[in-house]
Amino acid sequence: MIVAGGSYLEICLRPDWRRLFGSGLRAACAISRLSPGTELYTYCFGDWADDIRHTAAAFGCLANVEPVDEAISFSYDHPLSAARLYPPIIARRPPLVVRGRTVLRFGFVEGEAVVEAERAVFDPQSHDPFEPFGANGSRAGCLALVLNETEAGAASPGFDAEVLMGEQGAAVLVVKRGPRGATVYEVGTDPIDIPAYRSEGVFKIGSGDVFSAAFALHWGERGMDAAAAADLASKSVAHFVDGHSLPLDETLRHGEAMACRLDDGPIYLAGPFFDLSQRWMVEEVYRTLTDFGARIFSPLHEVGTGLPVEAIAQADLAGLRGSSKMLALLDGADPGTVFEVGYARALDIPVVALAERLERENLTMIAGSGCDVTHDLATAIYRVMWTKGR
């Protein structure tokens with residue numbers, strides 16, 4: 001198979017991550033064992049070219065590298081945060097020309113790939129409106145689009161998959177929905193929902209690359225039905241995010257199919273918000289859960305701080321009693337948050353607890369009362385989305 005995609009420096013604050021990968025290199029490495037002879041077509045900073053070639057070779061791939069002048073990076077506060085591109089303005093390069101039977105094409109920030117293929121998968125990887133696959137002269141006998149909900153507009157009431165596929169000339173559309181899995185659309189058939197699969201850890205950087213790579217392999221190269229290929233891609237993601245496991249092979253490590261129970265009732269977001277860092281954390285978690293379609297009861301947003309303490313406490317507890325599950329931000333061992341966790345467990349409300357820095361001995365009552373304790377934010381958010389409410 002041929003992969004056309006970027007090779008960039010990735011930097012994450014928590015958990016700590018600094019690697020040369022990017023969508024193209026990661027996707028090629030992911031499928032290298034399952035598709036011997038995989039080739040990568042990429043741009044990259046000239047000083048990194050040998051590193052990219054050596055990494056690809058270590059996975060059994062051939063990297064065709066077009067050097068550029070900028071050292072391009074994407075940085076994240078955490079794996080679910082918005083990426084920051086550096087440098088912010090990048091000169092566009094002449095397009096790469098790629099021909100093959102099966103081609104996976106990603107969007108680039110420094111150029112583009114003009115593709116000619118029997119079967120092509122296009123993943124634009126952009127939150128902005130994207131040009132149709134064929135706008136740059138690319139051609140495919142059969143085209144599949146892999147988009148997130150923002151790119152597809154699938155979160156909006158007016159979303160029409162058949163119209164979008166018609167505009168793009170695509171036979172298949174796969175919409176990725178994070179912890180809710182994915183949905184496969186084909187012209188003239190009902191959409192098919194694909195579940196997400198449980199993993200112990202959820203390191204999300206690069207998970208979309210792996211999904212597209214696995215889907216392109218199974219649908220494009222192996223000729224599998226689109227829904228079956230997407231299901232294997234979802235299982236591949238679960239295998240990958242639990243420790244950045246590459247390459248993929250025929251035996252994928254993953255847990256059970258998970259359902260996001262958006263109709264269970266609100267998630268109670270417990271955590272302190274008394275200084276800037278605490279407030280930022282609550283806002284970040286609130287935004288991320290909302291983006292995933294969850295309903296949330298947040299004392300900060302629903303009750304605030306302007307009432308007498310008795311009124312605040314009663315309003316918060318009423319919100320907790322009306323919630324189906326809880327995500328508790330425990331770092332700092334805020335007394336109010338710890339109290340809310342105990343109150344929730346007394347009501348048999350499931351609790352997912354995020355504790356990055358608390359010592360183990362401080363978690364005795366938390367873990368011992370049946371809370372699901374995790375140590376990184378992305379995993380905590382996915383776990384609470386997957387947890388069955390009371």
Side-chain angles (χ1 to χ4, degrees), residues 3-6 22-24 26-27 30 74 79-80 82-83 85 102-109 112-113 115 117 119-136 138 140 142-196 204-220 224-234 236-237 240-241 260 288 291-293:
V3 177
S23 52
R26 180 180 283 104
F74 288 89
L80 297 176
L85 172 64
T102 304
V103 177
L104 168 59
R105 172 188 161 193
F106 291 102
F108 293 91
V109 297
E112 58 186 341
V115 168
R119 285 199 159 197
V121 175
F122 181 35
D123 181 348
Q125 296 203 331
S126 171
H127 293 289
D128 301 320
F130 60 95
E131 287 188 340
F133 173 80
N136 68 354
S138 291
C142 193
L143 172 65
L145 296 175
V146 178
L147 309 175
N148 61 41
E149 283 188 296
T150 301
E151 292 163 340
S156 65
F159 170 68
D160 189 316
E162 290 204 11
V163 170
L164 177 58
M165 287 189 285
E167 293 172 347
Q168 296 284 330
V172 177
L173 168 64
V174 183
V175 178
K176 298 176 293 182
R177 302 181 186 274
R180 293 180 286 126
T183 304
V184 177
Y185 301 88
E186 294 186 82
V187 176
T189 64
D190 292 332
I192 299 174
D193 289 328
I194 306 298
K204 283 292 292 177
I205 294 174
S207 62
D209 312 332
V210 171
F211 184 100
S212 293
F215 179 79
L217 170 75
H218 294 295
W219 175 82
M224 191 175 289
D225 169 81
D231 190 68
L232 281 171
S234 187
S236 299
V237 167
F240 166 76
V241 297
C260 280
T288 304
D291 287 349
F292 282 146

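What's counted below: heavy atoms across the whole structure, side chains too, no hydrogens, waters or symmetry copies. Computed from a predicted structure; not experimentally measured.
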So among S236, S207, P79, which one has a side-chain contact (heavy atoms from CB on, under 4.5 Å) with V241?
S207
Residues passing the ring-ring contact (aromatic ring centres under 6.0 Å, His included) test with F211, sequence neighbours excluded, are none
Pairwise distance [atom1]([X]) to [atom2]([Y]) - rounded to 0.5 angstrom:
X    : Y    : atom1 : atom2 : value
K176 : I194 : NZ    : CD1   : 14.5 Å
L217 : L104 : CG    : CG    : 10.5 Å
L173 : L143 : CG    : CG    : 10.0 Å
F74  : I205 : CZ    : CD1   : 11.5 Å
L147 : Y185 : CG    : OH    : 10.5 Å
T183 : R177 : OG1   : CZ    : 3.5 Å

Which pair of heavy atoms, one from [X] and one from [Y], lies closest together, and at what distance?
X    : Y    : value
N136 : A113 : ND2-O, 2.9 Å
F133 : Q168 : N-OE1, 3.3 Å
A4   : F108 : C-CZ, 3.7 Å
L164 : A152 : CD2-O, 4.0 Å
V187 : A170 : CG2-O, 4.4 Å
A233 : A214 : CA-CB, 3.7 Å

Any side-chain heavy atom of [X] sitting closer than 4.5 Å to one from [Y]?
X    : Y    : answer
D231 : P195 : yes
V184 : W219 : no
V3   : F106 : yes

Indicate yes or no for a side-chain donor-acceptor contact from [X] to the backbone of [Y] under 3.5 Å, with no hydrogens or angles considered.
X    : Y    : answer
D123 : D209 : no
R105 : A120 : no
E151 : Q125 : yes
S234 : G181 : no
E149 : V175 : no

Could you list the residues that satisfy side chain to side chain donor-acceptor pair (under 3.5 Å) with D291, not counting sequence neighbours?
R287
